[in-house]
Each structure stands twice: as C-alpha cells, then as structure tokens.
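As structure tokens, the structure follows; a few thoughts come after it.
These numbers come from the heavy atoms of this one structure, side chains and all, not from hydrogens, waters or symmetry mates. Because the structure is a prediction, the values reported are computed rather than measured.
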Amino acid sequence: MREPGFGVASGDLRSGWIPASGESCTCIERDSIVTETAEGPADVRTRIERYDPSEIEPRWQARWDELGLHRTDLSDESRPPYYLLTMYPYPSGDLHIGHWYIVTPSDALARYRRMHGDNVFFPIGFDAFGLPAENAAIKNKIHPATWTMKNIENMRRQFRTMGAMFDWDAEVVTCQPDYYRWNQWLFLKFLEAGLAYRAMSPVDWCPNDGTLAREQVEGTDRRCWRCGEKVQKRDLEQWFLRTTKYADELLDFSGINWPEPVRIMQTNWIGRSEGGEIVFTTAPSDHHAGGEELRVFTTRPDTLFGATFMVLAPEHPLVGSLTAPDRAAEVETYVAQARVRTEIERLSTDREKTGVAIGADAINPISGERLPIFIADYVLAGYGTGAIMAVPAHDERDFAFATKFGLTIRRVIAAPGTPGTEAAPGTEAAPGTQNAPLDAAFVSHAADEELVNSGPYSGMLADEGGRAIVAALAEQSAGRTAVTYRIRDWLISRQRYWGTPFPIVYCDQCGIVPVPEGQLPVLLPETVDYQGSGDNPLNHDEAFLRVNCPSCDGPARRETDTMDTFVDSSWYWFRYLSPGKTDGPIDRAMTDRWTPVDQYTGGAEHAVMHLLYSRFFTKAMRDIGLVSEDEPFRRMFNQGQILGADGERMSKSRGNVQDPGELVSRYGADTVRLFLMFMGPWDQGGPWSASGIGGVYRFLNRAWAIAIDPHGTDPGDQEAGRLPAGQGLEDAALAIRAAAHRTLRDVTIDYEGFRFNTMLAKLMELSNTLYRYRGTPAAGSPEWDEAVGMLLLMLAPAAPHISEELWSRRLAAEGVEWSSIHIERWPTVDASAVVEETREVPVQINGKLRDKVVVPAEASDADLEAAVLAAPKIVAALAGRTPDRVIVAGGGRLVNLVVCG
RNA sequence: GCCGGAGUGGCGGAACGGCAGACGCAGCCGACUUAAAAUCGGCAGCCCGCGAGGGCGUGAGGGUUCGACUCCCUCCUCCGGUACCA
C-alpha cells in the first residue's frame, strides 16, 4: 500500500505538530543577556536565537519522512503529473560532492514544480552492476553483491542528509533479480522480434585476465592494467541489439526539447551519409582469376574518374584471395599490426598513413581503368563496405596516402576556366594537376564547379555529374544510390560476472535455445572464485554452466556472458513507475500516464551513449507493444561535472574525492546545497573549491535574522534604525515591495531556465535590501511582511530546511495552523509594484560611454535626444561638433552619438 | 585525430548585439569591542594623474556593425565523449 498523496497528507501535517515549533513564540522573544564589564555596571545587550542547522535539519527530515511528504501517489489524477528524473548513481561507496552537485538543483526543481501545483514524481535508484564491484571483489576478496549492497545502504543514509524529496518507495536496484529478470525478459522479446542477434566481434583480450575494457588497456603499447601482458584481439561470438534499424528515426528530434549540442553529437554519432555504392571488379592476374566484385561506398560518386587506387580495410574478406604470393608476407604482417591498433589511432588524420599494396588491381566500371589495390588501416571494416575508391585530389586522407606512396593525383572537379584542367578524357592527369596543391582541392566543391578529366561527363556541374554517373552505373548493375551510417549495432555481451546473465542455453542438438519466460530469472550464481584474475568466474562455475536444454532436455550449457550495464539504464525510469510488479516489467497504465519523463537531468558525458540507447530502447519497446511513447525524455538538461581540487575527474585512485560530510556538519545541508547552486552555471561544473561557502552561510544567517528578528540592529551599524536619507516611511514600503516583486519576477525566470546561480544572487540582493530596512520603522510594515514571506517561498526549493523552519515560526506567530511551506503555492508577481518612474540611459560617443542621463520612463526618443544633447558632459565631449548620426538603440535603452572625423 | 563544450578582475562568476565585472569569496579602510572573533558600513579591473579626468581591458589574430564578452573566419589552451568506466 502506498501512502496517500499530499491532499490527504497535508491533513496529517496539520494535525501533527512539531515540538520545537511550539516553542517558537519564546524563540522570537529575545533572551536578555547581562554582560559584566570591567568597569562594573552591567551592560544589557540583546541577542537573538542563532541559526542552528544541525538542530533544524534532522528534525525536519524526520518530520517529512514521518508524514510521507515525499511519497508520490502515482494514481492521483487531481493534479497534473510531472516526472522529474535525475540519472541514478553508481553505488561507488560514499556520496561525494559531485552527487550533491547533481541532485541538489534537481531537487530544487522538483520542489519548485510542486509549488506550482504539480503532482511531482522524483525517484532514485542505483545503477548497481558493473566493473568496479568486480575490481573490489578481486582486490579485497569481497563478493561484488556484498560490496555493492553495503555501498547502497551507506549512500541511502547519506542521501537523506541532503533533504532531497526522493520517493524511496520507487527505488530501483539493478543488481537485484526483481530488476534484472526483466532485462532478460526484454532480451527474449527483442530476440523474438529480430532486434537481437549473435555475431562475431573482436574484443581486447588478455591471456590472464580475459576480456578488457578500454580503460583496462594502458599505454601506447596497449598492455593489461593488471598483469602488464600485451593485449591481443580475439574474435568472439557475441550478442548485438539492432540499433541500426532505428538509425533514421533516431535522427528525428522533433517533439523533444533537447540541448542543441546533444542533438548534434547524436546526429554525428549516427552519421548518416548519402552517396553511391559502386561495384568495381578485380582484374585477372597470375594468381587470381579476376572478376570478383569489389563494392565501395562513396559520398562523392562525381569523383569516380579521379579514383587512382583502391583501399581495402586490412580485415576485408577479399584480402586473402587477392593478395599476390610475393606480397603475402608483408600483407600478413600489416594485417596483424592493424588488429592491435585502436580505432581512434586508425582514424587519426594526424598520424602518418600506412598501408601496403597487395599486388592486385581493380577495374573502374565507368572508365575501364586498372587501379592498384592497397590495404590500409585508415579504412575500417565496419563502415560502409570496408573498401574505398581513393580519390586523392578530393579527399584529404587519400591525398596523404597518395603523396606518401607516390600515386597519381588526378583533379576531376574545378571551377569553370581553371587553367590546366582541359586534358583529354581517360588520359593521365592534365599538366599541373599532378600533386595538386591541397588548398582548393578536396574542400567540398562549390555549386558552380564542374567535372573535368571525366570523359563524357566533363563539363557537367559536379552534383549533376555525380547523379548521371550513378544512373549510368545502375543500368549495368554496377552501382546504385546508397545510404550508410556510422552507427553500428550495439554489442551488449560482456565477458564478466557482475551483470545480467543472458537467458540463453547452448545445446548440441538444438543450437541456441532461449530460456523459457517461465524459468526467468536466470539467477546470477553467488560465485566469487576469480582464480586470482579478472577472467569471468562464470566460465568455471560448473553448477551454473551445466543445464538441461529447455527444448530437448539433453545436456546443454549456459551462456556465460552478461549484459552491458547500459541495458539496465536504458529503461529504468519505466520501472520506477512499477515498483514491485511481478507479472511484467512495467505497469502500462502508469507509463502511459507518466511518460515521457518531463525533465531528465544528468551529466553531459552521457550525451551520446546512454541517451541514445535509452531512445533506442523506448522505440524498440514501443514496437513490441510494451509502451506507447516514441521518446523517453521530453526535456533534457546536461549539468556539468564537479572535478577534484586538482582539476581532474574525482576518483578514489586519484585521492581527490571531496566528502561533503564535514561541510554539512559545519554549515548544514542548506548551505551546502545553496553553495553548489551558487558556484556557477549548472551546466558548467568545474574544479571543486569550498572557498566562498561562508558567503552563502552568511546569506542564510541574514535571512534568519530578517525573519525572526525584524526589529533588531547590529553592533556598530551607524545607520541603525534609520531609513535611507531622503526616504519616508511610505517610500520605503514601496521600495521594499518593488524589490520583492522584481526579485520574484526574475527568480521565476531563472528557475525555469535552470539558472540557479543568478537566482540566488537575486535572492541575496533582496535579502540585502531587506536587511538594510531591518530595525527601521519600515520593518513592521505589511510590505515588509509580504516581502519576507516571498523571500522564504522563493528560497524553499533551494534551502528546504531553513525555509520550513522560518515558515513554521511565521505561522505560529500569526496563530495559523501549520502546513508545510513545500506544499505552499508559488507567489504571483504584481506587475504594478515593479513599475519605474524614471530610467537612466547611458550615452556613448562613437561607442564609448561618456555620460548617463535620467529621463521620465515614458520619455519619447526625441525627448531623450534633447536631454542627451543638453547634458553638460556631452556638450563638453562634443566640443562644438555636431553628431553625424544619433542612434537611439533598444527602444530608448541607450544612445550612441556618431561623430566622424 | 574526430564530435561537442568552455576560456571575462587575485578567485567563483554576471551581462536580450547596447553601461563589462551583478552576486559572492579573498583584500583594504572604518564602526562595535579593553582586545580579538563574530557582526555592521564603506572602498575596490589594470595603468597614468594630487585631482578633475584620461588611456587600456572579456585566450590570440582578423572580419561584420553606429556599437561585439556576445555574430563570422583562423589559431591556442583546457574539459567531456570516441562504442567493454558508468
């Protein structure tokens, strides 16, 4: 049973009463303290109760908990649902300042939305499978499950000190069978739908420690991080999800509000290119009969006549049969070298090009020209067809290769009338085009450029010529228009223990057999025998391995690979909506109502992979009939990352992890929350430094003093008790009201735009203004009271404890029954309070600031211009000259006088 | 390398193409205190000038504009991602 939502809960709140709040009347009164002085006579001073977060915060956290203030009634239809999701953390052990940085503003947003009347769902969980638990297991001989669950326990406790409004009832822990069984279930559905398949793929392999992750391969010579052994490549049969099926749909971001950089990065990652597939044929030679098809993909079919050689990926299937016997040794050596290089290395345009000729030729289908075939690692087997036609005159990489190997460079595109490009068709390059200078050559051609050196196509515009060439090839079945993508299918197999087991059995009789749905979950055994290495212990667990075939009941063996942890994170927000559901992964009624997630927040480091996989999962789940949505997250925001004080990413191994515990016990959670929001723009992050936290603490102390002791004054304040010079009580009240409403207007805009740093700056300004009036006659005014109330309401999402405490005292002082500030409504701006009577207009001469004039707010441009030209400083600066132009910019916000000469 | 982001006082940062440096930290001066801490008020980009004032300033160099931290081009540095870290 879930607790009732706020509607009912608030009734509980009113009936409940907090002891300390009952004392609030005495709190507001002052304690008289008699201080004995050396001179003898007693100096009677007053002191207010001091702000003590260590007393306030735990008390309210316990109270909120008790009242179920943070539980969301998912079935409550009386208010609009608002699903706010923050990326769930990896349970690394302790919450560090980075977790606070991620969660605090999200929590403020959740509270802000709730103050607008939304039914806010703000869940949390743990991304609990993955490598670090296995590393801990090997290092400390502790079971990954024990390590992980201990960490989770600890982090749950630490999370509570933040005062975040997480709904813990919906918690997801991915390493538990009640979660990962649904990974298995989804995998089986994907398999059924043809979205999952098995294929060979290479992994980085260490003979001692098995498969290695990228981060486990160290140094330029690529050695294993544990044993230092040279890393090899090994081809394994592995499971893939067919992400490429959705390539085009994933390019479509209409209907979701995501940051431009993320959309661009995903678009580039998917990497759709349109062009043509062209079929070359191999030429006969002593060792090869010829006539084999050699397919290439090109985005530039218009440059076909400029192809002067061919390049195959070293892994290309035809390499073996095409290689001439006298080239075999060299080719084999090169292929072996290429296998150990990373893709990043291979694609680097910086690195000198390498490759070898294989002693065979290909025939250009349009010109009949014979082109030598090379293999080179800058061509990847997995992209396009794994083979290219090289056009060195119009491609930077091909140019570099041709230059190094002394190959022909033939220019085939030029602006009309470019000298030296009128060679006869089909012949060698025209004079002056050999080794053509790089500058103009391979930049994408201008619209008016024409084909040259291109047989019958010479003289056509490049685009048009390209289409004509593909059309001609298509007629002889030697080409067609084609689209390729950079994105590959998602390899989800991991040769590791601490992950979701695949629900697959291998049977000698029946082959690959899915575990029947009714036999799920396939439990991860409690094996911990790592045999002193990182090799997957499942491979050695006979009890797990041996199984009867679900199909024929004969002896069979289980799949020992587990799933990529990105599988877990690709649908967890659906599961939050279905806690404890045992007859399916998700509750359709709930996901229909609550998804897509209204707002997702998380690190920019997830801009592509996690966010793309999540989009893929949503679409795949839609296509197998599980959900109705096309997209997982309506609006996305990427916050920055807090780095260690050394500017490096926080990690235990670097020893730069910042524990917020000490700051919290010294200043309180509210101060730490505010400081993290105040540091800078949330999407920026940056190196951690606690210097400046005192300023935020002072701000809260001032807010405290304003709220509980409006008539107090400070020692040494020369202006104490006096209104600003020239201001009457009425002026002061209006000024207070204007400040409060202007702040509300601006703070609301900042919350909506996630600009928490400027939001707090404006609250500080308001509190500075109020503080100026503290102790003056204006402090008792209704405007003052309104402003203080507004300050607390605006502060409530960001600093939930102090605002709740001060709010409860206000209610008590007014004799009003208590109800939480966090279910209070966000105030509304009174536009009339903010109206200004005059405006100050900066005046520039030739763009340099020279003076400012003050004019009535409604002054016309002509009035303004007259005032400007009469201003003494301007008259002096003009020194008798007449402005050539007078620019009144931005609807009278600035005047610029342009004086020539 | 490629893709994305960021470079502004001593520091964190602010600024719809229109007053660069809001807000805060550190600093300096003053008030309160026997004193210190805390608190309160004030000053404060850099250079020249007693001052009035002037000059220079948003990573570097160009460009567009009456006007550029903001837009465009080239470059430098740092951060994130680069498909088995999550």
Side-chain angles (χ1 to χ4, degrees), chain A residues 37-39 87 89-90 92 127 129-132 135 203-204 211-217 243 259-262 264-269 271 342-351 487-488 490-496 564-566 569 603-610 612-613 638 640-641 643 647-649 651 675 678-681 683-687 689 691-696 698-699 701-702 705 713-720 755 757-758 760-765 768 771 840-844 846-849 851-852 883-887 889-890 893-898:
Chain A
T37 63
E39 285 81 48
M87 288 180 187
Y90 181 81
S92 51
D127 185 16
F129 273 138
L131 214 45
N135 293 337
V203 296
D204 285 323
T211 304
L212 299 179
R214 187 165 58 96
E215 67 161 15
Q216 297 176 319
V217 178
T243 41
E260 173 92 10
V262 178
I264 292 171
M265 279 190 273
Q266 293 203 354
T267 301
N268 292 338
W269 181 273
T342 65
E343 238 169 74
I344 293 175
E345 272 184 301
R346 286 178 60 163
L347 289 174
S348 166
T349 47
D350 240 15
R351 194 173 130 250
I487 191 175
R488 304 195 292 254
W490 174 14
L491 192 165
I492 57 166
S493 292
R494 298 291 181 266
Q495 291 74 49
R496 312 212 174 275
D564 182 0
T565 55
F566 274 121
S569 56
E605 68 273 22
H606 294 294
V608 176
M609 300 184 68
H610 162 59
L612 198 62
Y613 294 147
N638 292 113
Q641 210 170 38
L643 307 172
E648 300 285 328
R649 206 172 148 161
S651 74
F675 178 59
F678 185 61
M679 278 174 50
D683 57 4
Q684 203 169 288
S689 160
S691 86
I693 193 169
V696 173
R698 265 191 284 277
F699 160 62
N701 274 287
R702 288 167 150 243
T713 53
D714 294 300
D717 182 357
Q718 291 111 317
E719 295 296 311
R755 285 180 294 271
N757 57 329
T758 52
L760 280 166
K762 284 157 196 167
L763 288 185
M764 286 175 179
E765 277 181 278
N768 289 345
Y771 208 83
E840 189 187 54
V841 180
V843 184
Q844 299 177 334
N846 291 338
K848 276 186 190 295
L849 182 72
D851 199 6
K852 293 174 186 182
D884 297 281
R885 277 178 75 184
V886 177
I887 292 163
R893 279 207 323 280
L894 174 140
V895 177
N896 189 15
L897 306 178
V898 184

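- The distance from atom OH of Tyr90(A) to atom OG1 of Thr565(A), rounded to the nearest 0.5 Å, is 8.5 Å.
- Distance, Asp884(A) CG to rG67(B) P: 13 Å, rounded to whole Å.
- Residue Asn768(A) is in sugar-phosphate contact alone, with no base atom involved, counting any heavy-atom pair closer than 4.0 Å across all strands shown.
- With a 3.5 Å ceiling on both atom-pair distances, rC50(B) lacks any Watson-Crick or G-U wobble partner.
- Of the candidate nucleotides rC32(B), rG13(B), rG18(B), rC32(B) has the atom nearest to the side chain of Pro715(A).
- On a pure distance criterion of 3.5 Å, no polar donor-acceptor pair joins the side chain of Asn268(A) and the base of rC3(B).
- Residue Phe678(A) is classed as a base contact, given a heavy-atom separation below 4.0 Å to a base.
- Two residues, Ile264(A) and Thr758(A), neighbour RNA chain B, and the one matched to the more 5' nucleotide by heavy-atom proximity is Ile264(A).
- Pairing for rA6(B) goes to rU77(B), judged as Watson-Crick or G-U wobble with the two contacts each under 3.5 Å.
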(message) Each nucleotide in nucleotides 78-84 of chain B should get exactly one letter: B, S or -. Can you fill that in based on protein heavy atoms under 4.0 Å?
(response) --BSBBB
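- Using a 4.0 Å heavy-atom cutoff across all strands shown, Gly695(A) reaches sugar-phosphate atoms only and no base atom.
- With C1' as the reference atom, rA20(B) and rC46(B) are 14 Å apart, rounded to whole Å.
- Ala889(A) comes within contact range of at least one nucleobase, with a heavy-atom separation under 4.0 Å.
- Atom CG in Asn846(A) sits roughly 10 Å away from atom C1' in rG67(B) (whole-Å rounding).
- Looking at heavy-atom distances under 4.0 Å, Pro89(A) makes no contact with the nucleic acid at all.
- Between Asp717(A) atom CG and rU39(B) atom P there is a gap of 14 Å when expressed in whole angstrom units.
- Using N1 to N3 plus N6-O4 or O6-N4 for Watson-Crick, or N1-O2 and O6-N3 for G-U wobble, each under 3.5 Å, rC23(B) pairs with rG12(B).
- With RNA chain B read from its 5' end, the first of the two nearest nucleotides for Gln684(A) and Gln718(A) is the one closest to Gln684(A).
- Lys848(A) comes within 4.0 angstrom of the backbone, heavy atoms only, and of no base.
- Checked against rC85(B), rG5(B), rG18(B), the side chain of Pro261(A) finds its nearest nucleotide in rG5(B).
- Rounded to whole Å, the distance from CG on Leu894(A) to C1' on rU65(B) is 14 Å.
- Between Phe566(A) and His610(A), the ring planes are parallel. Angles under 30° get that label, and only those over 60° would be called perpendicular.
- The listed nucleotides are rC66(B), rC40(B), rC56(B); the one nearest the side chain of Val898(A) is rC66(B).
- Between Leu849(A) atom CG and rC69(B) atom P there is a gap of 14 Å when expressed in whole angstrom units.
- Contacts of Arg755(A) with the nucleic acid, taken as non-hydrogen atoms under 4.0 Å apart, are absent.
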